[in-house]
Amino acid sequence: MSIAELSEQELIRRNSMQKLVDMGIDPYPAAEFPVNTKAIEIQEQFEPEKNNFQDVVMAGRIMGRRIMGKASFAELQDESGRVQLYINRDEICPGEDKTLYNEVFKKLLDIGDIVGVKGYAFTTQMGEKSIHVRELTILSKSLRPLPVVKEKDGQVYDAFSDPEQRYRQRYVDLIVNPQVKDTFLKRTKIINTMRQFFNEQGYLEVETPILQSIPGGAAARPFITHHNALNIPLYLRIANELYLKRLIVGGFEGVYEFAKDFRNEGMDRTHNPEFTVMEIYVAYKDYKWMMNFTEEMIERVALALHGTTEVQLGDKIINYKRPFRRVTMYDAIKEHTGYDIAGKSEEELRDICDKLGIETDPSMGKGKLIDEIFGEKCEHHYIQPTFIIDYPVEMSPLTKKHRSVPGLTERFELMVNGKELANAYSELNDPIDQRERFEEQLRLSEKGDDEAMFIDQDFLRALEYGMPPTSGMGIGIDRLTMFMTNNLSIQDVLFFPQMKPEKKADVVDGDEKFMELGMSAEWVEVVKKMGFKKVKDLKEVKPAKLFNDLCGFNKKNKLGLNNPTAEEVNSWLA
RNA sequence: GACUCAGUAGCUCAGCAGGUAGAGCACAUCCCUUUUAAGGAUGGGGUCCUGGGUUCGAAUCCCAGCUGAGUCACCA
């Protein structure tokens, strides 16, 4: 990287690093630095009268400094939080040589540097628990200035808040915004709580293929890739449902997977092209059992995270205390539109849609029409956790037909805050019925429904061997995390949300290419700083304009260079 | 994909009846007490997102593009 591209502060930090090296201090030492205390332990457990923490070794990042003559304070931040350091010149430099304090600490260290300290805990006159530092070790020099976020009385100043930068440079976001770190700690706790719940029941955590030759188990546009050795197309999975069911056929009675799925569709605050779903399948159960299981799981997650079932979400409080309300889809539609759609034909449904002001198109079948009515008129009303049950068969090609109501299936979706959180069925295990449903999907596809499912012949073969009655459930982990951590955007619960790639800097011609034109090195730097990255770009400018701009730049930036003559500039561009 | 808003110093943001680019923090030099959004003094730092246009003159007005956010469309 050429000097011209670095900011003043970056140059200063690089110089500081070089000075450290010149003093014989390695800015990136290799040796282990064994730590015995975390910041949070000092904050929570240090008591002066107990005289504990008198021999601590800590490491972390310097997040703030207050330098006063021969004593200073600094904020050390480790994974657990922050603790104040007290550094006294004559203690870290007992002899005549005060270099470590005056030079190394005061001048060469910066906010963002990673250091190790040895010392003892004490309380300052202001009453803050702190570490009295006896020994200071540089563990890693930081070459880029970190945003400095300050806070007083809960008020945050100069927050690092630009969403683009926060998502692109999540590492910076995590360093300076503690609530961000907290969200991700909670995300892991959600997953751990669920995993523990499943393992207690003896269910088996499994892994199934991400690269699939038939993208099945859901209706969505897949990402496509190509396998060279086999010379076949492969798809990134849109769901893992069909593989988990194959394992139930194989004799496992409870399997689950935390799975990344991929869908090549639009992105917004609730959709990312790759996202995490947990799917679980349990043999000899039905969707009623699964409802109880699901609400127990979710209540448990809420309690593990918050110690209560009541969780803030935006301006609402969601109460995850079970049992959740259960409403059939028909009742939901009756409740919010006044129409009883039981037994209605496709034509009648289309008519109802017209009356409700819902747009339809001819490719929509009965199921799709009902789905539209529910989505437009009902879904957003279900703020508190509610199971919507018994979906029309047309919308549920993998679901067993309802045991008593014709035209419906044994399916539920869990709605929270007006959004789908989980989806579950009594799984269709009748291979003849399943084949017919797939063929119906094929007809929909030919009719123009581009999200209809493919037929997976091997899956049908598996069902023909016999799958026990099974209930399965899938739950969006990203969405669950959003609900449980009060984040309204999926980007805030993914470490690295998908972004358009940053424009990579244009390729820059080497200095020597410019110098071949007859330019001196100092002017090459000026020309590059003015934005000419290639010799070619330079040649496109009129010599007179370049001459003017060069002299102007020299003057404006007080470079103090001797201006070239117009003839010289002419000769460069010749 | 459509519309709306935004892009100015390392960070947060002012400046927009067009007339020499500003503040706070951060940074540098100096003073300093166990200080805490530390304080005081001085100073350096900018392709005002990019490219066109209007104009004697554009950060500011107009057009196009890039990136992001929001709304909608699409989408379990």
Side-chain angles (χ1 to χ4, degrees), chain A residues 4-13 15-16 63-75 82 84-88 106-107 110-112 122-128 130 132 142-169 172 176-177 217-221 238-239 261 263-273 275 277 359 371 374-375 379 391 395-396 411 413 415 419-423 450-451 474-476 479 488-489 491 497 499-503 506 528-533 549 553 556-558:
Chain A
E5 294 170 49
L6 294 174
S7 72
E8 182 192 33
Q9 293 194 43
E10 288 173 300
L11 288 172
I12 289 167
R13 285 180 180 229
N15 284 336
S16 299
M63 296 302 288
R65 291 192 303 166
R66 296 178 280 278
I67 295 176
M68 289 154 289
K70 59 183 166 56
S72 297
F73 296 88
E75 299 281 336
R82 288 189 185 188
Q84 177 171 262
L85 303 178
Y86 171 72
I87 296 165
N88 183 294
K106 276 170 68 174
K107 296 195 175 163
D110 292 292
I111 288 175
F122 77 109
T123 306
T124 66
Q125 290 179 1
M126 300 298 289
E128 177 156 351
S130 306
H132 194 123
S142 165
L143 296 181
R144 267 178 198 266
L146 219 45
V148 177
V149 180
K150 299 204 173 185
E151 193 212 313
K152 189 189 188 181
D153 302 331
Q155 180 83 15
V156 178
Y157 300 82
D158 301 324
F160 177 65
S161 56
D162 178 36
E164 181 168 3
Q165 294 205 69
R166 286 186 47 224
Y167 301 146
R168 284 198 197 280
Q169 302 184 50
V172 176
V176 303
N177 292 328
R221 294 222 319 263
I238 55 175
D261 287 349
R263 296 185 185 178
N264 202 344
E265 289 164 352
M267 292 163 57
D268 60 30
R269 61 204 296 230
T270 56
H271 295 89
N272 194 68
F275 59 102
V277 170
E359 284 186 37
D371 190 34
F374 181 79
E379 198 171 60
Y391 281 64
M395 310 161 50
S396 313
R411 171 179 181 182
E413 288 193 355
M415 312 298 300
K419 305 253 163 53
E420 176 201 339
L421 178 58
N423 181 20
D450 57 0
E451 54 185 69
I475 181 165
R479 212 166 270 190
L488 297 175
S489 167
Q491 297 173 110
M499 306 282 279
K500 273 203 191 183
E502 286 180 275
K503 259 226 183 102
D506 292 338
K528 284 193 165 180
K529 191 140 191 172
M530 284 168 64
F532 296 102
K533 305 224 185 305
D549 289 350
F553 195 88
K556 184 181 170 202
N557 294 288
K558 302 186 183 89

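Every chain is numbered from 1, with letters handed out A, B, ... down the list of sequences.
Taking side-chain N and O atoms only, Lys107(A) has a distance below 4.0 Å to OP1 or OP2 of rC30(B). Contact check, Gln491(A) against rG68(B): no side-chain N or O comes under 4.0 Å of OP1 or OP2. A close approach under 4.0 Å does occur between a side-chain nitrogen or oxygen of Arg66(A) and OP1 or OP2 of rA38(B). In terms of phosphate contacts, Arg269(A) brings a side-chain nitrogen or oxygen within less than 4.0 Å of OP1 or OP2 of rU71(B). Phosphate proximity of rU33(B) to Lys70(A): absent, as no side-chain N or O sits under 4.0 Å from OP1 or OP2. Contact check, Lys150(A) against rU36(B): no side-chain N or O comes under 4.0 Å of OP1 or OP2.
With Thr124(A) contributing its side chain and Glu128(A) its backbone, the two residues share a donor-acceptor pair below 3.5 Å. No side-chain donor-acceptor contact under 3.5 Å links Arg66(A) to the backbone of Ser72(A). Side-chain atoms of Gln169(A) do not come within 3.5 Å of backbone N or O of Arg166(A) as any donor-acceptor pair. The backbone N or O of Arg221(A) sits less than 3.5 Å from a side-chain atom of Glu265(A), completing a donor-acceptor pair. When atom types are taken as modelled, the side chain of Asn272(A) and the backbone of Phe275(A) share no donor-acceptor pair closer than 3.5 angstrom. At distances below 3.5 Å, at least one donor-acceptor pair connects side-chain atoms of Arg13(A) with backbone N or O atoms of Ser142(A). Between the Asn177(A) side chain and the Phe160(A) main chain, a donor and an acceptor come within less than 3.5 Å of each other.
Residue-level contact check: Glu420(A) touches the bases, meaning some heavy atom is under 4.0 Å from a base atom. Note on Ile67(A): a base of the nucleic acid sits closer than 4.0 angstrom, heavy atoms only.
Here, rA26(B) and rC11(B) have their C1' atoms 8 Å apart, quoted to the whole Å. Only the C1' atoms considered, rA14(B) is 15 Å distant from rC25(B), to the nearest whole Å. Spacing between rC16(B) and rC61(B) at atom C1', rounded to whole Å, works out to 9 Å. For the P atom pair drawn from rC75(B) and rG15(B), the interatomic distance equals 42 Å after rounding to whole Å. Here, rG7(B) and rU12(B) have their P atoms 12 Å apart, quoted to the whole Å. Annotation: rA69(B) and rG10(B) have their C1' atoms spaced 23 Å apart (nearest Å). To the nearest whole angstrom, the two C1' atoms, one in rC63(B) and one in rA58(B), are 14 Å apart. Nucleotides rU8(B) and rG24(B) have their C1' atoms positioned 15 Å apart, rounded to a whole Å.
In the set rG68(B), rC75(B), rU35(B), rU35(B) carries the atom at the smallest distance from any side-chain atom of Gln125(A). Across rA37(B), rU35(B), rG68(B), the shortest atom-to-atom separation from the side chain of Lys152(A) is found for rA37(B). When distances run from any side-chain atom of Ile12(A) to the nucleotides rC25(B), rU35(B), rC27(B), the shortest one goes to rC27(B). Here rU36(B) is the nucleotide among rU36(B), rC25(B), rA37(B) with the atom lying nearest to any side-chain atom of Glu128(A). Proximity note for Arg168(A) (side chain, C-beta onward) versus rG45(B), rU67(B), rA69(B): the nearest is rU67(B). Among the nucleotides rU34(B), rC74(B), rG45(B), the one closest to the side chain of Ala71(A) is rU34(B). Of the candidate nucleotides rC75(B), rG10(B), rU36(B), rU36(B) has the atom nearest to the side chain of Met126(A). Distance from the side chain of Gln84(A) is smallest to rU35(B) among rU34(B), rC27(B), rU35(B). Nearest to the side-chain atoms of Asp158(A) among the listed nucleotides rU34(B), rG24(B), rG45(B) stands rG24(B). With rG68(B), rC74(B), rC11(B) as the candidates, the nucleotide lying closest to the side chain of Asp268(A) is rC74(B).
The number of heavy-atom neighbours closer than 6.0 Å to NZ of Lys70(A), taken from other residues, nucleotides and ligands shown, is 12 or below.
The distance from atom CG of Asp110(A) to atom P of rC25(B) is 18 Å, rounded to the nearest whole Å.
Applying the 3.5 Å distance criterion, the base of rU12(B) shares no donor-acceptor pair with the side chain of Ser161(A). In the interface, the side chain of Gln9(A) is paired with the base of rA26(B) through a donor and an acceptor atom under 3.5 Å apart.
Shown here, rA21(B) is classed anti by the O4'-C1'-N9-C4 or O4'-C1'-N1-C2 angle, which is more than 90° from 0.
Under the 30°/60° scheme for interplanar angles, the aromatic rings of Tyr86(A) and His132(A) are found to stand perpendicular.
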Nucleotide N/O of nucleotides 1-8 of chain B paired with protein N/O under 3.5 Å:
none

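Base pairing of rC61(B) is made with rG53(B), judged by Watson-Crick or G-U wobble geometry with both donor-acceptor distances under 3.5 Å.
A salt bridge is defined here as a Lys NZ or Arg NE, NH1 or NH2 lying under 4.0 Å from an Asp or Glu carboxylate O, and Lys419(A) with Glu379(A) fails to meet this definition.
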